[in-house]
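What follows is a set of notes on a single structure, which appears directly below.
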Amino acid sequence: MLRSVILAAARSSKIERLVGTAPVSRSLVRRYVAGETTAHAVATTRTLAADGLLATLDYLGEDTVVVEQADATRDEYLGLLAALKGEGLAGSAEVSVKLSALGQRIDPELAYDRAREICAAAEDAGTTVTVDMEDHTVTDSTLEIVQRLREDHPRTGAVLQAYLRRTEDDCKTQAAPDSRIRLCKGAYKEPESVAYQRSLDVDRSYVRCINALMAGEGYPMLATHDPRLIEIGIDRARWYDRGKESFEFQMLYGIRPTEQLRLAAEGYRMRVYVPYGDQWYGYLMRRMAERPANLAVFARSLWTKS
């Protein structure tokens, strides 16, 4: 019921206008979204870098339905990468790209071609690309495209979601030399046939996936705000004799900023997932609708700086 209400609100332009003009909403957006423009994204990256934090920048938008939208998204990323290079920030930031925003649902080849252009620009700038994962219906297509991108750009990152039953096996397969794998719990509403439904089962899967990635030869990127899983990640890295430079933690912009700084101060690589763009309303609403438990995460973060 709650998810249906949130999704209905996400489709309402009237509610979007009301939310967009409310003072509390503007405060909320500023907390979780870097801004609407490339300049905002670059400025946020500079601020994070000054605090010893890395960034991955996501230009908001997905489910592109026309080629012109895919081209516009590609062009935004090309401009962003040029700006990061020009400002000397490419070493502190990479970009996260959704294939659906590049036309994956129109034609996977269209998305591949545009992702390849972005990967080439990232390499020229001196940084990398991580390809975001979406719902389970595009998992195989996304991993296939990532594999193709890695032929010319071997450090292209992929995202795996621990709540999918297949992910432990995917971690073992993907943890190859030079691979970069972001492990997250997963936020989409998936059927029980493909995804664990209980939080405890998802957490257990996440731990098994940590072990698979740490035992492999790639570069694990542990995306979680869960204090228990962070400590388990640190413990597993020690168990597999990994140095602090051989993996990283990732958290969302605006969530547990004090913890982000603590991990960075202790010498861990800490990367912040930074969304920007004018589609912030849909981003925030989908974050909550895809998994209503996110409401509690966002609410707690408003009242605490940890």
If only side-chain N and O atoms count, and only distance matters, is there a donor-acceptor pair under 3.5 Å linking [Y] with [X]?
X: Gln104; Y: Thr142; answer: yes
X: Asp132; Y: Tyr273; answer: yes
X: Glu94; Y: Thr128; answer: yes

Which residues satisfy the ring pair (Phe, Tyr, Trp, His ring centres under 6.0 Å) test with Tyr206, sequence neighbours excluded? none

Hits for ring pair (Phe, Tyr, Trp, His ring centres under 6.0 Å) against Tyr77, two or more places apart or cross-chain, chain-then-number order -> none

Criterion salt bridge (Lys or Arg N to Asp or Glu O under 4.0 Å) on Asp235 and Arg238, from CA distance to verdict: CA-CA 5 Å; Asp235 176 77; Arg238 291 171 179 159; 5.6 Å; no

With a cutoff of under 4.5 Å between side-chain heavy atoms, which Ile, Leu, Val, Met, Phe, Trp and Tyr residues group with Val65? Val66

Does Val138 sit in a hydrophobic cluster with other residues, and if so which ones, taking ILVMFWY side chains as linked at heavy-atom separations under 4.5 Å, directly or through other members? none

Residue pairs passing the salt bridge (charged side-chain N to carboxylate O under 4.0 Å, His left out) test with at least one member in residues 34-53, sequence neighbours excluded, are Arg46-Glu87

What salt bridge (charged side-chain N to carboxylate O under 4.0 Å, His left out) pairs are there with at least one residue in residues 147-156, not counting sequence neighbours? Glu109-Arg148

[X]: which residues meet the salt bridge (Lys or Arg N to Asp or Glu O under 4.0 Å) condition with it, sequence neighbours left out?
X: Arg74; result: Asp71, Glu117
X: Asp135; result: Arg105
X: Lys85; result: Asp124
X: Arg208; result: Glu168

Return yes if some donor-acceptor pair links the side-chain N/O of Thr167 with the main-chain N/O of Gln161 below 3.5 Å, else return no. yes

Qualifying residue, where the test is side chain to side chain donor-acceptor pair (under 3.5 Å) with Ser96 and the options are Thr130, Thr56, Asp58: Thr56

Only counting residues at least two apart or in another chain, list the ones meeting side chain to side chain contact (heavy atoms under 4.5 Å, CB included) with Thr173. none

Set of side chain to side chain contact (heavy atoms under 4.5 Å, CB included) partners for Ala122, sequence neighbours left out: Leu81, Thr127, Val129

Does the ring center of Phe247 lie less than 6.0 Å from the ring center of Tyr219? no

Less than 6.0 angstrom from the centroid, inside 45 degrees of the normal: does Lys185 satisfy that with respect to the ring of Tyr163? no

Does the side chain of Val67 reach to within under 4.5 Å of the side chain of Asp107, using non-hydrogen atoms? no

Check this for me: does any side-chain nitrogen of one of Asp140 and Arg166 sit under 4.0 Å from a carboxylate oxygen of the other? yes

